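Accompanying notes for the structure given below.
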Amino acid sequence: FGGRIDMGLSPRGHEQAAALAAYLRPKTVHAIYASPMKRVQQTLQPWLVNGVPRPAILPDLQEVDFGVWTGLRFGQVQTQFGVSAWQWLDQLESGAIPKAECGAAFRARLEPCLRQIIRDHSGEQVAIACHGGVIRMLLAILLDVPLSRTGAFQVEYASITQVRLRPEQTELQLLNFTPWREI
């Protein structure tokens, strides 16, 4: 549970970022919004050398705070707290992780940010570079489902989730697309 630990990318992460940038190069993007966290900034670097818009850094896009679980592995959560870490979304949503950002606070932080991006870029292609927990909450908001339901979605590092917003529905076009899979 990395959460708010501001760690950099591993060598493998840099390889994934390069493959992601190669995939994104021919894509048209009108705006980029990004988390200020180091791992997101490093993931963006290979893509930003290609004339894409400079990202707007939004502190609200940083990863969820996992409280006392921060820095622990799944097995450690089980051992120390007697809770299956695989239920992390339920635990977060219900406010059951000590000192963590609860689901309601997480949503209250992200929803205004998302709504503003949508208002500012109607009909445009926008990229949001962020974290797995943030992606899940953005999907929960857009699809109007509880955060815990997004546990059915796999969200890998350096993956692409693409959503098309229409007045009558939200269309999930790509989920967890990983252009680096073959490297």
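Excluded from the calculations below are hydrogen atoms, water molecules and symmetry mates; all remaining heavy atoms, backbone and side chain alike, are included. If you're wondering where the values come from, they're calculated on a predicted model, not measured in any experiment.
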Test item: [X] and [Y] side chains (from C-beta on) under 4.5 Å apart, heavy atoms:
| X | Y | result |
| --- | --- | --- |
| Gln62 | Arg109 | yes |
| Val64 | Val134 | no |
| Ile160 | Thr178 | no |
| Val77 | Trp69 | yes |
| Ile32 | Leu48 | yes |

Practice problem: Answer with yes or no whether the side chains of Arg73 and Gln76 bring together a donor and an acceptor at under 3.5 Å. | Solution: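 No - no donor-acceptor pair under 3.5 Å links their side chains.
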
Minimum heavy-atom distance [X]-[Y], with the two atoms named:
| X | Y | value |
| --- | --- | --- |
| Tyr23 | Leu174 | OH-CD1, 4.3 Å |
| Gly95 | Cys102 | CA-CB, 3.9 Å |
| Ala158 | Pro179 | O-CD, 4.2 Å |
| Asn176 | Thr161 | N-OG1, 3.5 Å |
| Ala17 | Leu9 | CB-CD1, 4.4 Å |
| Trp180 | Ser159 | NE1-N, 4.3 Å |

Answer yes if [X] and [Y] sit in the same cluster of Ile, Leu, Val, Met, Phe, Trp and Tyr residues linked by side chain heavy atoms under 4.5 Å apart, and no otherwise.
| X | Y | answer |
| --- | --- | --- |
| Leu114 | Leu172 | yes |
| Phe177 | Val163 | no |
| Ile128 | Leu58 | yes |
| Val155 | Phe66 | yes |
| Leu61 | Val52 | no |

Listing, residues 135-151 side-chain donor-acceptor contacts under 3.5 Å, not counting sequence neighbours, or none:
{"from": "Arg136", "atom 1": "NH1", "to": "Thr150", "atom 2": "O", "distance (Å)": "2.4"}
{"from": "Arg136", "atom 1": "NH1", "to": "Phe153", "atom 2": "O", "distance (Å)": "2.8"}
{"from": "Arg136", "atom 1": "NH2", "to": "Phe153", "atom 2": "O", "distance (Å)": "2.9"}
{"from": "Ser148", "atom 1": "OG", "to": "Glu93", "atom 2": "OE1", "distance (Å)": "2.9"}
{"from": "Thr150", "atom 1": "OG1", "to": "Leu147", "atom 2": "O", "distance (Å)": "2.7"}

Practice problem: Please collect all salt bridge (Lys or Arg N to Asp or Glu O under 4.0 Å) contacts where either partner lies in residues 41-65, sequence neighbours excluded, each pair once. | Solution: none

Quiz item: Which residue pairs pass the salt bridge (Lys or Arg N to Asp or Glu O under 4.0 Å) test with at least one member in residues 169-180, sequence neighbours excluded?
Solution: Arg166-Glu171

Quiz item: By ring pair (Phe, Tyr, Trp, His ring centres under 6.0 Å), which residues pair with Tyr33, not counting sequence neighbours?
Solution: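 With sequence neighbours excluded, Tyr33 shows a ring pair (Phe, Tyr, Trp, His ring centres under 6.0 Å) to His121, given in chain and number order.
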
Quiz item: Is Arg25 atom CZ crowded by more than 12 heavy atoms from other residues, nucleotides or ligands, each under 6.0 Å away?
Solution: yes

Quiz item: Does any N or O in the side chain of Ser10 come within less than 3.5 Å of the main-chain N or O of Gly13, such that one atom is a donor and the other an acceptor?
Solution: yes

Practice problem: Answer yes or no: is there a donor N or O on one side and an acceptor on the other, between the side chain of His30 and the main chain of Gln125, under 3.5 Å? | Solution: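 Looks like yes, one N/O pair under 3.5 Å.
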
Practice problem: Walk me through it: do Glu156 and Arg181 pass the test side-chain contact (heavy atoms from CB on, under 4.5 Å)? | Solution: CA-CA 10 Å; Glu156 297 276 349; Arg181 187 63 67 191; 3.7 Å; yes

Please report, to 0.1 Å, the donor-acceptor pairs under 3.5 Å made by any side chain of residues 78-90, with sequence neighbours excluded.
{"from": "Gln78", "atom 1": "OE1", "to": "Ser84", "atom 2": "N", "distance (Å)": "3.4"}
{"from": "Thr79", "atom 1": "OG1", "to": "Gly75", "atom 2": "O", "distance (Å)": "3.0"}
{"from": "Ser84", "atom 1": "OG", "to": "Trp86", "atom 2": "N", "distance (Å)": "3.3"}

Ignoring hydrogens and angles, write down the donor-acceptor pairs under 3.5 Å from the side chains of residues 34-41, residues two or more places apart or on other chains.
{"from": "Ser35", "atom 1": "OG", "to": "Met37", "atom 2": "N", "distance (Å)": "3.1"}
{"from": "Ser35", "atom 1": "OG", "to": "His131", "atom 2": "NE2", "distance (Å)": "2.8"}
{"from": "Arg39", "atom 1": "NH1", "to": "Ile5", "atom 2": "O", "distance (Å)": "2.6"}
{"from": "Arg39", "atom 1": "NH2", "to": "Gly3", "atom 2": "O", "distance (Å)": "2.7"}
{"from": "Gln41", "atom 1": "NE2", "to": "Ser35", "atom 2": "O", "distance (Å)": "2.6"}

Quiz prompt | Gln42 side, atom CD; Met7 side, atom CE - distance, nearest 0.5 Å | solution = 11.0 Å

